[in-house]
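In what follows, a single structure is set out as structure tokens and then discussed.
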Amino acid sequence: MGKIQIMDEWLSNKIAAGEVVERPSSVVKELVENAIDAGSTSIEVFLEEAGLTSIQVTDNGSGMDEEDALKSFSRHATSKISKEQDLFRIRTLGFRGEALASIASVSKVTLKTSDGENNGLEVQLEGGHVVSKKPTAFRRGTDITIAQLFYNTPARLKYLKTIQTELGHSIDFMNRLALAYPEIAFKLVHNGGTLLQTNGRGNVQQVIAAIYGVQNAKKMIPFSAESKDYKVHGYASLPEITRANKNYMSIFVNGRWVKHYLIQKTIVDAYHTYLPIERYPLVVLYIEGDPYLTDVNVHPAKLQIRLSKEQELLPLIQEAINNAIRSAIHVPVAEKKEKPNRVPTEQMNFWKPAQAPTFDEAKINAIVNKLNGEQSVVKETAEPLQNEAVQEEEVLFETPTEPVEQWDVPTIQQDEQHSAQSVEEVVEKREPFPELEIVGQIHGTYIVAQMEDGFYLIDQHAAQERIKYEYFREKVGEVNPNERQSLLLPLTFHYSADEAIILKENLHALQEVGVFLEDFGQSSFVVREHPTWFPKGFEQEIIEELIEQVLKTRKADVKKLREEAAIMMSCKKSIKANYYLTKEQMVVLLNDLRKADNPFTCPHGRPVMIHFSTYEVEKMFKRVM
Ligand code: ADP
Ligand code: MG
């Protein structure tokens, strides 16, 4: 007799559970996705001990009749796909029909459901077997509770991390689902405390506020673009908000959160020169396209995705975000809040309450204050994100300590803080270059300039880098054959044989950035001339660095190489710190800066100037409250 047997369903479910149900957060994900697929407009998740003791998901979706409710726990039971073609046009989050079977096989399940037409049903399962079944009065929708996850697979439990880590994963999933579906009201409660609550009104920025805090939501700029096959839209943070890791870029393809390396990279590229190195933006990106272009059936948890027509999609994303950022750039300010009532001390006796803040303004301020606490730095994250990612947070700009507000604000409830319904018109406009009057220079490093509403500190090195970068970017953008200068003595370069091969294949790209490298045989090269605008005294260095760049990437991308060249050249001759400038030099510098496309950040993404408002300064001196 042969040895091969068909596994019984119970055993195969338990094995499959290893794939689908890795940890409590995977259960949360599958259950909430089912609720979304069922057309719910309100979904509540209650966790006990990060979901290890219990996970309850309540929805107001379609519900199930008795037959479906019982069937839903068998493997490959799905209402979402019935023929092969469906697999290429998946519009629902689930389709494999294995989640409930897998989850039930490793836990104790109580399901209450009703389709609103028939009697409700309550079923209990243990380890995948139905242990009780009875009619119950229940409104339309579903309520499913998973207790004692992994009770019969103790080995799984060992792989789980701390409660905080497991909870962090669930919060992360819920945050992404809330972002993906702003029109659904989500609530996440852990051990009785609300961690996330959205209002389901369809406003993405309000969801962003609920997750990342109001002050971050205020700094998000909308973007959108469309091509033949794809539609992209979303929100991108101003460059002044940055993160130490990539988790804050959420990508959704047809309502599904995905991790996609190339798309992430495209987003970062869209911020090129606006972000400091190794810092990442906060971005929520929605991609919509015909489902046949987006193959989701590559990974059991469906987090990965295969995209067709990437050549069309990626530039679309990059341009949409880059345009939005460029038109919204503004000067970082040392002051982060709205002006509350102004109380000049010398006028105290005559003081009458100025125009009272509107309710919404007051509420936003109260929320912002609460989030800032009494710390002297602007914290970039709000509760309730408690996963590890948050702890890596650093701050970019420090602001002076803010005195505690004296004026009365309506008290806000914990929950309001998360639902943040008051964020409406929160996007800031591009600021024009300020009319500055130079006051002087400090430490040979910063120019101090004033205007009506306060003063500015301008980093002279960063300013010059930005000016030069834009100059070189234009020069390198199209190398003019008439602007060449011959060298008395040609420069010679020698490389290893394999490097020489790479260089020979990239001679054209190098020419495009002004490096006229000639093959001299035996892995040697000469340069007999270079553009007149190469920074004087740095010609050889620049040529060598550009060659290095080509060797590093092997296949030069002309666009990138131009960018590198412009940054490199702008760095070379910029005035460094500790260099005293005359007033005339400062005037010239600021005038040149004014003409720049983006005068507010240097090519490495650092700020060029920081604004100190009169109000902020008066507050520091406690002249106003
Ligand atoms: P899939 O989602 O891949 O179809 P699942 O095992 O997650 O597979 O669910 C099986 C089926 O149970 C679904 O196709 C759906 O018909 C039904 N179902 C599960 N959860 C719900 C819910 N919350 N509301 C209504 N129907 C549900
Ligand atoms: Mg499912």
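This one's a predicted model, so the numbers in the text were calculated from it and none came from an experiment. When a ligand or atom number is given, it counts from 1 through the structure's own listing order. What's counted below: heavy atoms across the whole structure, side chains too, no hydrogens, waters or symmetry copies.
The backbone and the side chain of Leu100 each have at least one atom closer than 4.0 Å to an atom of ligand 1 (non-hydrogen atoms only).
The closest non-hydrogen atom to atom 17 (C) of ligand 1, taken over Glu33, Arg140, Met64, comes from Met64. Evaluated by nearest non-hydrogen atom to atom 9 (O) of ligand 1, the leading choice among Asp37, Asp143, Asn34 is Asn34.
Side chains of Gln206 and Asn199: a donor-acceptor N/O pair is present below 3.5 angstrom, by distance only.
Residue contacts with ligand 1: Ser62 is included, with a non-hydrogen atom under 4.0 Å away.
For Ala35, the side chain to side chain contact (heavy atoms under 4.5 Å, CB included) partners are Ser40, Ile43, Asp59, not counting sequence neighbours. For Tyr286, the ring-ring contact (aromatic ring centres under 6.0 Å, His included) partners at least two apart in sequence or on another chain are His233, Phe252.
Distances below 4.0 Å separate heavy atoms of Ala38 from the following atoms of ligand 1: 24 (N), 25 (C). Of all atoms in ligand 1, listed by their number and element, those nearer than 4.0 Å to a heavy atom of Ser72 are 10 (C), 12 (O).
Within 6.0 Å of CZ on Arg139 lie more than 12 heavy atoms contributed by other residues, nucleotides or ligands.
For the pair Leu100 and Leu31, the minimum side-chain heavy-atom distance is below 4.5 Å.
The distance criterion of under 3.5 Å between nitrogen or oxygen atoms is met by Ala99 with respect to ligand 1. At least one N or O atom of Asp59, backbone or side chain, sits closer than 3.5 Å to an N or O atom of ligand 1.
Partner of Thr142 under the side-chain contact (heavy atoms from CB on, under 4.5 Å) criterion, chosen from Val57, Asp115, Leu111, Asn34: Leu111.
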